[in-house]
Number of protein chains: 2
Amino acid sequence: MNEQIPKPTEAELEILQVLWQHGPSTVRFINDKLSEQREVGYTTTLKLMQIMLEKGILVRNTDSKIHVYRAAVGESDTQQQLLDKFVEATFRGAAMKMVMQALGNHKTSPAELDEIKALIDKIEKEQK
Amino acid sequence: MNEQIPKPTEAELEILQVLWQHGPSTVRFINDKLSEQREVGYTTTLKLMQIMLEKGILVRNTDSKIHVYRAAVGESDTQQQLLDKFVEATFRGAAMKMVMQALGNHKTSPAELDEIKALIDKIEKEQK
DNA sequence: AATTAATTACGAAAAACTTCGTAGCACAAA
DNA sequence: TTTGTGCTACGAAGTTTTTCGTAATTAATT
């Protein structure tokens, strides 16, 4: 079956976010993006990405001297995996409590609320 | 203002969960509870709780020789704090995307769905 | 060709987090 | 009293994660 890829660390997740958002990228590009938010050395980013490569979280193309990395894990899959663990650790598995808290505290646009309503309707129909 | 208490680590969060669930407890009690889920040494738990005390995450009563610890941080407050960071790190701040993913993947009871609907209605009314 | 600039590789230090062993103390049991 | 049990304190080791410095290589520039 599928090789078990480890849960990314926080720093690794930042790199994945850039890759998911912008597609395959060089270390330079990723480091530039990360640097917009916080100070981070080039070799620090490089080393992290090499580690992620070893773990199977990233793959890379080495045709050129300038390697191009891309995520080997899907965004939604990873988010789901992290979400499950988060709900378990933080809300003792009570996903609905978390949803309520997220809804209650966030300024949600009418369009988004409608989306959620539609989703709920869909789920309710399936349960009948 | 409020002293800034650091975000609990994973191991610390496990201890907080026991305290939130059962109220003020001894190290022995907490360690027993944690041991139900995974092997963990007594002094390991003790040390962690002493560190949490230093950080201000816990407080304790030392009237008796057997110290009684309790959480110095509220469950909902902490959950909210962790939720905000999680949404930011994992969903780039897209709380609604997370909610949809949580709803979509969880077997949600009709009662729970109704609760969410009610909450949405309430939010929509407030926005008018 | 020589110099400069940008890149990868990689060991190792630094920092953060977790686990453990031992000492010391208090109280109960023998 | 002596022994045993259970607790706290705490340094330190172990592990994981993050950061950094240096060397080597390649490509571009002069």
Side-chain angles (χ1 to χ4, degrees), chain A residues 4-19 24-70 73 78 82 85-86 89-90, chain B residues 4-19 24-70 73 78 82 85-86 89-90:
Chain A
Q4 183 47 7
I5 291 169
K7 166 178 163 181
T9 67
E10 280 193 23
E12 289 172 347
L13 189 54
E14 288 183 327
I15 289 171
L16 281 174
Q17 295 293 0
V18 177
L19 286 167
S25 311
T26 62
V27 176
R28 171 63 56 197
F29 180 81
I30 305 248
N31 186 251
D32 285 350
K33 284 293 169 192
L34 297 183
S35 297
E36 289 171 7
Q37 299 179 327
R38 64 185 181 93
E39 194 178 311
V40 51
Y42 179 84
T43 56
T44 299
T45 301
L46 170 65
K47 179 66 169 184
L48 265 173
M49 292 176 72
Q50 286 170 344
I51 290 171
M52 293 170 79
L53 183 72
E54 276 177 11
K55 292 184 182 175
I57 297 175
L58 304 184
V59 292
R60 72 179 172 186
N61 180 311
T62 57
D63 288 352
S64 145
K65 183 205 143 143
I66 299 175
H67 302 172
V68 176
Y69 290 77
R70 66 183 173 81
V73 295
T78 305
L82 295 177
K85 297 206 174 186
F86 176 77
T90 306
Chain B
Q4 183 48 9
I5 290 170
K7 165 178 162 181
T9 67
E10 280 192 21
E12 289 172 347
L13 189 54
E14 288 184 327
I15 290 171
L16 281 174
Q17 294 293 1
V18 177
L19 286 168
S25 312
T26 62
V27 176
R28 172 63 57 197
F29 180 81
I30 305 250
N31 186 252
D32 285 350
K33 284 294 169 192
L34 297 183
S35 297
E36 289 172 6
Q37 300 180 327
R38 64 187 181 91
E39 194 178 309
V40 53
Y42 178 84
T43 55
T44 299
T45 301
L46 170 65
K47 180 66 169 182
L48 266 173
M49 292 175 72
Q50 287 170 343
I51 291 171
M52 292 169 80
L53 184 72
E54 275 178 10
K55 293 184 182 174
I57 297 175
L58 303 185
V59 292
R60 71 179 173 187
N61 181 311
T62 56
D63 289 351
S64 146
K65 185 204 141 143
I66 298 175
H67 301 173
V68 176
Y69 290 77
R70 64 183 174 81
V73 295
T78 305
L82 295 177
K85 296 206 175 185
F86 177 77
T90 306

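So you know, we letter chains A, B, ... as the sequences are listed, proteins then strands, and number each from 1. This one's a predicted model, so the numbers in the text were calculated from it and none came from an experiment.
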Practice prompt. Mind listing the closest non-hydrogen atom pair of B/V68 and B/P24 along with its distance?
Written response: CG1-CB, 3.7 Å
Worksheet entry | A/L58 to A/Y69 - nearest heavy-atom pair and separation | CD1-CD2, 3.9 Å
Worksheet entry | A/L46 side chain reached by A/Q50 side chain, heavy atoms, under 4.5 Å | yes
Worksheet item: Considering residues at least two apart in sequence or located in another chain, which fulfil the side-chain hydrogen bond (donor to acceptor under 3.5 Å, both in side chains) criterion with B/K65?
Response: none
Would you tabulate the side-chain donor-acceptor contacts of residues 28-38 of chain A under 3.5 Å, counting partners in other chains and residues two or more places apart, or write 'none'?
from, atom 1, to, atom 2, distance (Å)
A/N31, ND2, A/V40, O, 3.4
A/N31, ND2, A/G41, O, 3.3
A/N31, ND2, A/T45, OG1, 2.7
A/S35, OG, A/N31, O, 2.6
A/R38, NE, A/E14, OE1, 3.2
A/R38, NE, A/E14, OE2, 3.4
A/R38, NH2, A/E14, OE1, 2.8

Practice prompt. Answer yes or no: does a side-chain N or O of B/T44 lie under 4.0 Å from OP1 or OP2 of C/dC20?
Written response: yes
Discussion item. Looking at B/T9, I'd like to know whether one of its side-chain N or O atoms comes within less than 4.0 Å of OP1 or OP2 on C/dT18.
Written reply: yes
Suppose we screen for side chain to side chain contact (heavy atoms under 4.5 Å, CB included). Which residues come up paired with [X], at least two apart in sequence or across chains?
X	result
A/K7	A/Q81, A/L82, A/K85, B/E10
A/E12	A/P8, A/T9, A/L48, A/I51, A/M52, A/K55, A/I57
B/Q17	A/R92, B/L13, B/W20, B/E75

Worksheet, complete the sentence: At a 4.0 Å cut-off to heavy atoms of chain B, the contacted part of DNA chain D spans D/dG6 to D/dA12
Discussion item. For DNA chain D, which residues of residues 46-68 of chain A approach it to below 4.0 angstrom with any heavy atom?
Written reply: A/K47, A/I51, A/K65
Worksheet entry | Stretch residues 33-40 of chain A: residues that reach within less than 4.0 Å of DNA chain D through a heavy atom | A/R38
Discussion item. To the nearest 10°, give me the bend of the helix from C/dA1-D/dT30 to C/dA30-D/dT1, comparing the axes of its five terminal pairs at either end.
Written reply: 20°
Response to the item:
Rounded to whole Å, CD of B/E14 lies from C1' of C/dT18 at a distance of 11 Å
Practice prompt. Mind calculating the distance between CZ (A/F29) and P (C/dA6) to the nearest angstrom?
Written response: 18 Å
Worksheet, complete the sentence: When rounded to the nearest 0.5 Å, the distance separating CG of B/L16 from CZ of B/R70 is 12.5 Å
Worksheet item: According to the ring pair (Phe, Tyr, Trp, His ring centres under 6.0 Å) rule, which pairs have a member within residues 43-67 of chain A, sequence neighbours left out?
Response: none
